[in-house]
Trainee: 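A single structure is presented below for examination.
Each ligand, and each atom within it, is numbered from 1 in the order the structure gives. As the structure is a computational prediction, the values presented were derived from the model and not from experiment. Residue numbers count from 1 along this sequence.
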Amino acid sequence: MEQTQILVLNGPNLGVLGRRQPEIYGRHTLQDLPDLVREVMGEAAERIRLVIYQTNSEGGLIDRLERALEEGIHGVVLNAGAYTHTSLALADCLAWIGIPCVEVHLTNVWAREETLRHKSMIAPQCAGVISGFGLWGYAYAVQAVDRLLLWP
Ligand code: DQA
């Protein structure tokens, strides 16, 4: 069975999930994700190979996306953390790379500081945005990317 390879790419301060302000970001860690994907997708999860990666640097996110293209990764779930709101470089990368991408946030960014978090530089380059469901939102985003790839 050929597996669908989905890169779950995380930006700054997301390597410490579970410890970082759990009252805001929840108690799950990135290691919990495969279990949640199985819960959401059932047997279909067996077709998915998750590649989970985190970096605190803006360039590191772009390097990983370029590498994903070389590796033949099929889809991306991207939580760029604070770079969501600032990174033209990341938006430029997504604009050319052509790998279907779903933007995800643990928190509902539209319920937070308007001047800081309501603007996403990367959303126009993504198929859609899932925001506000904690780590469960990542599992929904994996399912959404899988659907996009099956029925583009
Ligand atoms: C976040 C929201 C961002 O505004 C923030 O900078 C993060 C996490 C989220 O998942 O809710 O680091 O992307």
Trainee: With a 3.5 Å distance limit and no angle check, can you tell me whether Thr107 reaches the backbone of Ser131 through a side-chain donor-acceptor pair?
Mentor: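 Judged by distance alone, no pair lies under 3.5 Å.
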Trainee: Write out the residue and atom name of the closest protein heavy atom to atom 1 (C) of ligand 1, then the distance separating them to 0.1 Å.
Mentor: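 Its nearest protein heavy-atom neighbour is His105 ND1, 3.6 Å.
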Trainee: Does an N or O anywhere in Leu14 fall below 3.5 Å from an N or O of ligand 1?
Mentor: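 No; every N/O pair is 3.5 Å or more apart.
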Trainee: Can a non-hydrogen atom of Val109 be found less than 4.0 Å from any atom of ligand 1?
Mentor: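 Val109 counts as a contact of ligand 1 under the 4.0 Å cut-off.
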Trainee: I need the contact type for Arg117 against ligand 1. Using non-hydrogen atoms and a strict under-4.0 Å cut-off, is it side chain, backbone, both or neither?
Mentor: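 Just the side chain.
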Trainee: Assess the residue pair Arg47 and Leu150 against the criterion (side-chain contact (heavy atoms from CB on, under 4.5 Å)); give the C-alpha distance rounded to whole Å, side-chain angles, the decisive distance to 0.1 Å, and a yes or no.
Mentor: CA-CA 12 Å; Arg47 284 190 295 99; Leu150 291 173; 4.0 Å; yes
Trainee: Should the ring pair His28 and Trp136 be called parallel, tilted or perpendicular, given that the plane angle runs from 0 to 90° and is split at 30 and 60?
Mentor: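 His28 vs Trp136 ring planes: perpendicular.
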Trainee: Tell me, which protein residue and heavy-atom name are nearest atom 4 (O) of ligand 1, and how many Å apart are they?
Mentor: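 Sorting protein heavy atoms by distance from atom 4 (O) of ligand 1 puts His85 NE2, 2.7 Å first.
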Trainee: Nearest heavy atom to atom 7 (C) of ligand 1: which of Gly26, Gly81, Gly137, Pro12 does it belong to?
Mentor: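 Among Gly26, Gly81, Gly137, Pro12, the closest heavy atom to atom 7 (C) of ligand 1 belongs to Gly81.
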Trainee: Does a donor on one side chain sit under 3.5 Å from an acceptor on the other, for Arg64 and Tyr53?
Mentor: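 Judged by distance alone, the side chains do not pair up.
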Trainee: Following the transitive rule for hydrophobic clusters with a side-chain heavy-atom cut-off under 4.5 Å over Ile, Leu, Val, Met, Phe, Trp and Tyr, establish whether Leu14 and Leu33 coincide in one cluster.
Mentor: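 Looking at the clustering, Leu33 is in the same group as Leu14.
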Trainee: Tell me whether Thr84 reaches ligand 1 (any heavy atom closer than 4.0 angstrom to a ligand atom).
Mentor: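 No.
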Trainee: What protein heavy atom lies closest to atom 8 (C) of ligand 1? Include the residue and the distance to one decimal.
Mentor: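 Heavy-atom neighbour on the protein nearest atom 8 (C) of ligand 1: Tyr25 CE2, 3.6 Å.
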Trainee: Looking only at protein heavy atoms, which one is nearest to atom 11 (O) of ligand 1, and how far off is it?
Mentor: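 Nearest neighbour among protein heavy atoms for atom 11 (O) of ligand 1, to 0.1 Å: Thr107 OG1, 2.5 Å.
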Trainee: Classify the contact between Arg20 and ligand 1 as side chain, backbone, both or neither, using a heavy-atom distance cut-off of under 4.0 Å.
Mentor: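 For Arg20, the contact with ligand 1 is made by the side chain alone.
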Trainee: Keeping Asn10 on the side-chain end and Ala80 on the backbone end, is there a donor-acceptor pair under 3.5 Å?
Mentor: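 Not at all, since once roles are kept as given, no pair shorter than 3.5 Å links the two residues.
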Trainee: Side chains of Thr84 and Glu103: donor-acceptor distance under 3.5 Å anywhere?
Mentor: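 Short answer, no.
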Trainee: Can you check whether Ile6's main-chain N or O pairs, donor with acceptor, with His74's side chain at less than 3.5 Å?
Mentor: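 No.
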Trainee: Considering both backbone and side-chain atoms of Leu106, is one of its nitrogen or oxygen atoms within less than 3.5 Å of a nitrogen or oxygen in ligand 1?
Mentor: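 Yes - when backbone and side-chain N and O of Leu106 are compared with those of ligand 1, one distance drops under 3.5 Å.
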